[in-house]
Amino acid sequence: MNSRWIFQKLTPPFSSWISSFRVLSSAALFSSQTPKYSLNYAETSTLLSVCRREGNLRLGSSLHASVIKDLQLYNLNLPYNFLNALVVWNSVIAMYWKCGELGNALKVFDDMTVRDTISWNSIISGFLANGEFELGFGYFKEMLGSVIYRFDQASLTAVLSACDGIDYLGVCKMLHGLVTSAGYDTEITVGNALITSYFKCSCFDSGRRVFDEIMERNVITWTAVISGLVQNEFYEEGFNLFVKMRSGLVSPNYLTYLSALSSCAGLQALKEGCQIHAIVWKLGIQSDMCVESALMDMYSKCGSLDDAWRIFKLAQMTDEVSMTVLLVGFAQNGFEDEAIQIFVKMVKEGIEIDANTISAVLGVFDTGTSLGLGKQVHSLVIKKAFGANIYVNNGLINMYSKCGELEESVKVFTKMQQKNQVSWNSIIAAYARHGDGFKALLLYEEMKSQALKPTDVTFLSLLHACSHVGLVHRGMEFFDSMQKLYRITPRMEHYACVVDLLGRAGLLNEANSFIKGLPMKPNALVWQALLGACGIHGNMKMGKYAADQLAIAAPDSPVPYVLMANIYSSRGKWKERARTIRQMKEVGVAKQTGISWIEIERKIHSFVVADQMHPQSDAIYGILLLLLRHMRDEGYHMLDKMFILNYIEEAENASYM
DNA sequence: ATAGGGTTAG
């Protein structure tokens, strides 16, 4: 084979065709057998770059073969051809590494008698882009030590963009020093790469500082810093810079708008999000798939699920990303079943299921979601080899823990090679949720010994754990160290946890004065915690107070009435109970019917109170009564004694017995 | 040199 056959249908001069090759697919050039024309250097390297872009190894390697052959024919090793030959060899190297053929790329590089900076940059990028970091950085070092070859801005951006993750922070800093000492700090591409790398290495301050001190900013500089901030959850800072950018001379581009939409999603800034929607509409890019997903995400995170749904319905194309956005949108807006349905639909329709989709659907699982389905998702994880993905594993820990399989959670956690704070938070919460508060605290100690800093969520789990094993003192110590040692400002959720901690332990007065001392107005969560504690300890007086406060803080909630009614009935105050129920109906707050269910052989059986709909209803009630009699006979009187005795009495008089 | 979606408590 040689390259000439490719051009049978084309007319010379080829040079004029070169620009059209850039848009032509190489496959379109793949037809003839009759060799007519010979390719010059420029044509060869252009075609090679088309192959590189398309990953067309087949055509690329035959071009390589023809180059070798032409070298013999035309004696390209002659000195005056050297630069041209160099360009061709560099193109061959680049073509090979883009096709993943590092071995071939390296062989060409090694065989070259003369190389230039581009050859070195190409082989370095090749290794780095294919995950061979040691080799890539190794060749870069060799280049640094060379007296013949000089690195340039492209070498620097190549190694900088490989600095991805905290492990590379040291390298990144070293390169920053090199940039300055070699005088490349005025080079805009280098500055942009530095910003991006610092953000990828979680060194946000340095990234921001490079941005602040950079001489010249183009749209990429702005977008790099905005997206860096947004991807690391500094939504407000990112959005503010976007606003600042719009009042300056550099116009945002399509990628800037994507990041700006992400910031609105993170800030739940619906109004600002709508404004950006208007801008992208005006620019005519509102139907771009990425823009659509970003818009959907913004709307659903701002609570406007309807708008997200409308965009999805009207979209010409949807893919796994937009469906995942919708899935999370459903889940976070209270439509868990619909979220699961989207996942099922994706699997059935053969839509690509990636690690993001898996972790998203795992997040939908809650107490009562079918464990069987969870196991199916787990088997998909194994089948798709997502076992090393930290988000997926964290999702599995939570799924199993919420579905009641603590041991499975522990198994996933133990097997994880890489653990982050979320992994530890999840396993601590899993033990707390299953009542093993001591083990949860033990794991916290272990987490600290791994040099992982606890987060605000860690403390929620710890307080929860302490609360359930009655470790009031320990819990208060955590609450203290959270603020003093870790500089975490407590959120309302933390306050509610402390109230729960004190209240459950019977320290209702302490809980109440804790609430009085709060630096902000307590919300419904806090009052509900106090009311719940009053329920446990049967304190009607403070319970009434908490219930009244809760009814003010959450006027649409049935909870104050229901919990208060329960307190009354546990104390045998039937009249007060009836009055509370009547009051609830008068206020018009709907109490959601409690449903319990059980999954037996892939079928879910659900029950509401006094349900007689099940085909085996009689038999079920028979067993229930049997159990209750056992409880009564064994003197079980810890909880809701009156309910049980009442129920047995009623049942024994009822017609179906 | 910039690129849409994912996990934690209640």
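The sequence lines fix the lettering, A, B, ..., with proteins before strands; numbering per chain opens at 1.
Using a 4.0 Å heavy-atom criterion, one finds that A:V422 contacts the bases of the nucleic acid, with or without backbone contacts as well. Residue A:N218 is classed as a base contact, given a heavy-atom separation below 4.0 Å to a base. Among the heavy atoms of the strands, none lies under 4.0 Å from A:A496. Counting any heavy atom pair closer than 4.0 Å across all strands shown, A:K402 reaches sugar-phosphate atoms only and no base atom. No contact: A:Q153 has no heavy atom under 4.0 Å from any strand. Within 4.0 Å (heavy atoms only), A:R491 reaches at least one base atom of the nucleic acid. Within 4.0 Å of A:N389, counting heavy atoms only, lies at least one base atom of the nucleic acid. Nucleic acid contact for A:Q231: sugar-phosphate only, since backbone atoms but no base atoms lie under 4.0 Å from a heavy atom of the residue. At a threshold of 4.0 angstrom between heavy atoms, the contacts of A:N253 include nucleobase atoms, whether or not backbone atoms are also involved. Residue contacts for A:D319: at a heavy-atom cut-off of 4.0 Å it reaches a base atom on one of the strands shown. A:V457 comes within 4.0 angstrom of a base, heavy atoms only. Nucleic acid contact for A:T357: base, since at least one base atom lies under 4.0 Å from a heavy atom of the residue. A:L362 comes within contact range of no nucleotide atom at all, as no heavy-atom separation falls under 4.0 Å. If you check every strand for non-hydrogen atoms under 4.0 Å, A:M289 touches a base.
The aromatic ring centroids of A:Y299 and A:W309 lie 6.0 Å or more from each other.
The footprint of chain A on DNA chain B, defined by a heavy-atom cutoff below 4.0 Å, extends from B:dA1 to B:dG10.
Residue pairs satisfying the ring-ring contact (aromatic ring centres under 6.0 Å, His included) criterion with at least one member in residues 396-420 of chain A, sequence neighbours excluded, are listed as follows: A:H378-A:Y400, A:F413-A:W424.
Ion pairing between A:R209 and A:D212 fails under the 4.0 Å rule for side-chain N and carboxylate O. Using a cut-off of 4.0 Å between Lys/Arg side-chain N and Asp/Glu carboxylate O, A:D297 and A:K301 are scored as salt-bridged.
With sequence neighbours left out, A:E445 forms a salt bridge (charged side-chain N to carboxylate O under 4.0 Å, His left out) with A:K448, A:R474.
Residue A:N425 forms a side-chain hydrogen bond (donor to acceptor under 3.5 Å, both in side chains) with just one option from A:D456, A:N398, A:N420, A:T455, and that option is A:T455.
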Practice problem: Show your reasoning for whether side chain to side chain donor-acceptor pair (under 3.5 Å) applies to A:T117 and A:D152. | Solution: CA-CA 7 Å; A:T117 303; A:D152 64 358; 5.3 Å; no
